[in-house]
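For reference, the structure is listed below as structure tokens.
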Amino acid sequence: MSLKDKAGRIDFKSMSTHPAGSNVDAKPKTAPGAMMAFAADKRSDLLIENDILRTQALKVGELEVRLRDSEREIASWDGAKATRLIDPARIRRSEYANRHELNFRGTEFDQLKAEIANAGGNVQPIKVRPIASTDEEPSYEIVFGHRRHEACRQLGLLVSAMVDNLDDKALFVEMERENRSRKDLSGWEQGVMYQRALDMKLFPSNRKLADAIGVDLGNLGRALSLARLPAEIVSAFNSPLDLQFRWSKPLSESHESDPAGLVGRAKALKATAQTLTAREIFEALLGKGEGVVPYNPHADIVLKHQRKQAAVVSADAKGRTLVRFETSLDDQKRRELAKLIQNFLEA
């Protein structure tokens, strides 16, 4: 059948897109014209379908971008620990804790506690690990966040905490690094923590410990020197937090060369009623302080109660010990004192 015959059989009237009664001629006058009209309509349908497919492709592209964004968001949370609210009473301090109790009072701690109270809880979660419990309620040990935990405990608030299963070495490393990045630990506090880790065999040597926590080996050694000072020397200061890294070497050398003299001066400083700065105490321990009473084995020992002088233990010219109270004692108190002295003599 020829192309002309095929065109003649097409019902173009039924394919017309023009409304009935319009002035547009519904039927092309020639067969080639009819074919061109048919082709034009088909092309129009293809263009419409192409537009639909293009729109769908754009939507697929948008979905792929959103999918990739979601995957990146999920990846950013990989390894993240969920937080939970825990009763502070269920959480204990770590045996490796490097925060001295003096950190739980004072202006800075009061400010931290006020911030937590205003927020209704600790915004920055602490970290804990589960430990064996004797009852149905789980118990936890602090990895880091001792000050935040104590603030919540004092305020009667639940503490926000991340829970993670850590061994002792991992707990120690995380605690040390977290606390070092926050409120600076004193040299003495760091030394006590390092010494405890070595005593408990968490690390075989100073170098292995320094490598694990990322600190300078020399600074670690100075901190350990402070922690190893006799208790009499540490207690000569108003607070062990006053001990500074740069004092470790001279104090250690003085203890090695003249241990009796250093300890004696420390005891004398402890007994004196003088109010000295940390620097003045350090110089007095080395025998360099001005206006400080030198060490005297028979020097008066001042006893204080509620920060006030309450009694003095002294020695007379013959070395006999005398005890003098700042206030009078009634008969019952004198009898109690006599009993204590009797027990002391018998011991």
If you define the side chain from C-beta out and look only at heavy atoms, does anything of [X] sit under 4.5 Å from [Y]?
X      : Y      : answer
Ser94  : Leu171 : yes
Ile281 : Trp247 : no
Tyr194 : Glu176 : yes
Lys127 : Glu178 : no
Phe203 : Val173 : yes
Val159 : Val128 : no
His149 : Tyr140 : no

For [X] versus [Y], what's the shortest heavy-atom pair and its separation?
X      : Y      : value
Asn165 : Pro130 : OD1-CG, 3.1 Å
Ala311 : Phe325 : CB-CD2, 3.8 Å
Pro88  : Leu158 : CD-CA, 4.2 Å
Ser139 : Arg90  : OG-NH2, 3.1 Å
Arg265 : Gly287 : NE-N, 3.8 Å
Arg129 : Leu166 : NH1-O, 2.9 Å

Check: Which one of Arg148, Arg153, His146 satisfies the side chain to side chain donor-acceptor pair (under 3.5 Å) criterion with Glu150?
Finding: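 When Arg148, Arg153, His146 are each tested with Glu150, the side chain to side chain donor-acceptor pair (under 3.5 Å) holds only for Arg153.
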
At what distance, to the nearest 0.5 angstrom, does [atom1] of [X] lie from [atom2] of [Y]?
X      : Y      : atom1 : atom2 : value
Ser248 : Phe245 : OG    : CZ    : 8.0 Å
Phe282 : Thr277 : CZ    : OG1   : 11.5 Å
Thr83  : Ile126 : OG1   : CD1   : 11.0 Å
Lys267 : Glu232 : NZ    : CD    : 5.5 Å
Ile116 : Leu157 : CD1   : CG    : 8.0 Å
Glu326 : Arg324 : CD    : CZ    : 6.0 Å

Query raised in the report: Strictly by modelled atom types, are Gln111 and Glu115 linked by a side-chain donor-acceptor pair under 3.5 Å?
Result: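 The criterion, which ignores hydrogens and geometry beyond distance, is not satisfied for Glu115 and Gln111.
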
Query raised in the report: So if you build clusters from Ile, Leu, Val, Met, Phe, Trp, Tyr with side-chain heavy-atom gaps below 4.5 Å, do Ile131 and Phe172 land together?
Result: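 Ile131 and Phe172: separate clusters.
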
**Report entry** Shared hydrophobic cluster for Leu85 and Val123 (ILVMFWY, side-chain gaps under 4.5 Å)
**Finding:**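 No.
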
With a 3.5 Å cut-off and sequence neighbours excluded, list the donor-acceptor pairs that the side chains of residues 335-343 form with protein atoms.
{"residue": "Arg335", "atom": "NE", "partner": "Asp331", "partner atom": "OD2", "Å": "3.0"}
{"residue": "Glu336", "atom": "OE2", "partner": "Gln332", "partner atom": "NE2", "Å": "3.4"}
{"residue": "Gln342", "atom": "NE2", "partner": "Glu346", "partner atom": "OE2", "Å": "3.2"}
{"residue": "Asn343", "atom": "ND2", "partner": "Lys339", "partner atom": "O", "Å": "3.4"}

Name the atoms and distances for all side-chain donor-acceptor pairs under 3.5 Å in residues 210-230, with sequence neighbours left out.
{"residue": "Asp216", "atom": "OD2", "partner": "Gly218", "partner atom": "N", "Å": "2.9"}
{"residue": "Asp216", "atom": "OD2", "partner": "Asn219", "partner atom": "N", "Å": "3.1"}
{"residue": "Asn219", "atom": "OD1", "partner": "Arg222", "partner atom": "NH2", "Å": "2.6"}
{"residue": "Ser225", "atom": "OG", "partner": "Gly221", "partner atom": "O", "Å": "3.1"}
{"residue": "Arg228", "atom": "NE", "partner": "Gln195", "partner atom": "OE1", "Å": "2.5"}
{"residue": "Arg228", "atom": "NH2", "partner": "Gln195", "partner atom": "OE1", "Å": "3.0"}

* Does Ser254 offer a backbone N or O that forms a donor-acceptor pair with the side chain of Asp258 under 3.5 Å? ->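 No; judged by distance alone, with no hydrogens or angles, the pair does not exist.
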
